[in-house]
K.L.:
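Following this message is one structure expressed as structure tokens.
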There are 2 protein chains.
Amino acid sequence: MKLEPTVFCSNKPHHMERFLEVCLLLLLYDEIGYGYGLIEQLSYFGFAVEDLNVSTLYRTLRKMETEGLVTSQWAEGGQGPKRRVYEITVKGQSELDHWIRILKVRRARIESLISAYDHKLQPGGPDVKGENTDGDF
Amino acid sequence: MKLEPTVFCSNKPHHMERFLEVCLLLLLYDEIGYGYGLIEQLSYFGFAVEDLNVSTLYRTLRKMETEGLVTSQWAEGGQGPKRRVYEITVKGQSELDHWIRILKVRRARIESLISAYDHKLQPGGPDVKGENTDGDF
DNA sequence: TAGACTATATGTGCAATGCATATAGTGATG
DNA sequence: CATCACTATATGCATTGCACATATAGTCTA
């Protein structure tokens, strides 16, 4: 029942260290929220709902609380089970700022890579050979 | 002799799943190379030399070989110890193409996030609060 | 002969994540 | 009431990508 290991990058993991965490911080920066409800909002960042792993979401939120980035309390009222509602802290806001800077570096690196790929290592790269001008893609 | 490394991020891990691997595939797509020499070339993608972890590099290359993405052989001649020279395979090229596609999705997500941060959740997002218009950076 | 340098390799451990599963309250329906 | 579907939160297990530390060894120079 396993996927063929030759199927590189089937569809699943593709981690991106703490990216989910940063998304959550940003959402909570705007307004308080609870786990299940945040899932929908994550689509703003290009997440398909089926991409998201509920376990990871909750575990991430709990971890963020232990780190002091958010606080939580049980919300009464409404229908359905009680919700644990999260609120960002000052420390969480700093962390958000910090990670945005990191993500900008990350973006630059990805840009460099994609650019190099699309030009097959042309500008500023090592001695350009002119070979490999075949353009797949 | 290298391009200016644009890196200013703090110091630590900040993984990016398999990003190094994709960089290596792209470098080897251009021309064959060996471990130690690839380190310098990685600065083209925004890696500072001191960012790079030599262990990770070699382990990654070996892993890529067991996966059939590259082949290697010992190169004689020249001075210094022998070098294990790597060459990309057809499978490696497919893998590269595939990961580029993933990185483009990744780029889009990072763009969404940074954009939302800079605008504090304005376009298409939930109710905009208008607060926090301070622009660090 | 002794470093300094180049080059490759591995043991250990951690953190981020996916997958599977558990627990439990609410509302609707028969 | 009993049952079921749905919402909501939580946790055990395994995988994996990476860092850190360390090991091995050839070459060159003093």
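Every chain is numbered from 1, with letters handed out A, B, ... down the list of sequences.
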K.L.:
Between P on dG25(C) and CH2 on Trp74(A), what's the gap in Å once rounded to a whole number?
P.N.:
11 Å
K.L.:
When you measure from the side chain of Glu21(B) to the backbone N and O of Thr60(B), does any donor-acceptor pair fall under 3.5 Å?
P.N.:
no
K.L.:
Of the options dT9(D), dA7(C), dG18(C), whose atoms approach the side-chain atoms of Val54(A) most closely?
P.N.:
dT9(D)
K.L.:
So, OP1 or OP2 of dG17(D): does either fall under 4.0 Å of a side-chain N or O from Lys63(B)?
P.N.:
yes
K.L.:
For Lys82(A) and dG25(C), give me the distance from atom NZ to atom C1', rounded to whole Å.
P.N.:
9 Å
K.L.:
Can you tell me the distance, in whole Å, between the CD atom of Glu65(B) and the P atom of dT10(C)?
P.N.:
12 Å
K.L.:
Send over the distance from Glu17(A) CD to dT17(C) P, rounded to a whole Å.
P.N.:
7 Å
K.L.:
To the nearest 0.5 Å, how far apart are CZ in Arg109(B) and CD1 in Ile114(B)?
P.N.:
14.5 Å
K.L.:
Once you round to the nearest 0.5 Å, how far does CG of Leu28(A) lie from CD of Gln93(A)?
P.N.:
10.5 Å
K.L.:
To the nearest Å, give me how far apart OH (Tyr58(A)) and C1' (dT23(C)) are.
P.N.:
13 Å
K.L.:
Spell out yes or no: do the side chain of Ser55(B) and the base of dA21(D) have one donor N/O and one acceptor N/O closer than 3.5 Å?
P.N.:
yes
K.L.:
Could you say whether Gly37(B) or Arg59(B) is positioned toward the 5' end of DNA chain C, judged by the nucleotide with the nearest heavy atom to each?
P.N.:
Gly37(B)
K.L.:
How many angstroms lie between atom CG of Leu38(B) and atom OH of Tyr86(B), to the nearest 0.5 angstrom?
P.N.:
9.5 Å
K.L.:
Could you check how far CZ of Arg62(B) sits from P of dA9(C), rounded to whole Å?
P.N.:
4 Å
K.L.:
Specify the separation, in whole Å, of atom CD of Glu40(A) and atom C1' of dA8(D).
P.N.:
14 Å
K.L.:
Are Arg18(B) and dG17(D) close enough that a side-chain N or O sits under 4.0 Å from OP1 or OP2?
P.N.:
yes
K.L.:
Quickly, which of Glu87(B), Met64(B), Arg62(B) forms a side-chain contact (heavy atoms from CB on, under 4.5 Å) with Ser72(B)? Name it, please.
P.N.:
Arg62(B)
K.L.:
Rounding to an integer number of Å, can you tell me how far Arg84(B) CZ sits from dA25(D) P?
P.N.:
15 Å
K.L.:
Does dT9(D) have its OP1 or OP2 closer than 4.0 Å to a side-chain nitrogen or oxygen of Arg83(A)?
P.N.:
no
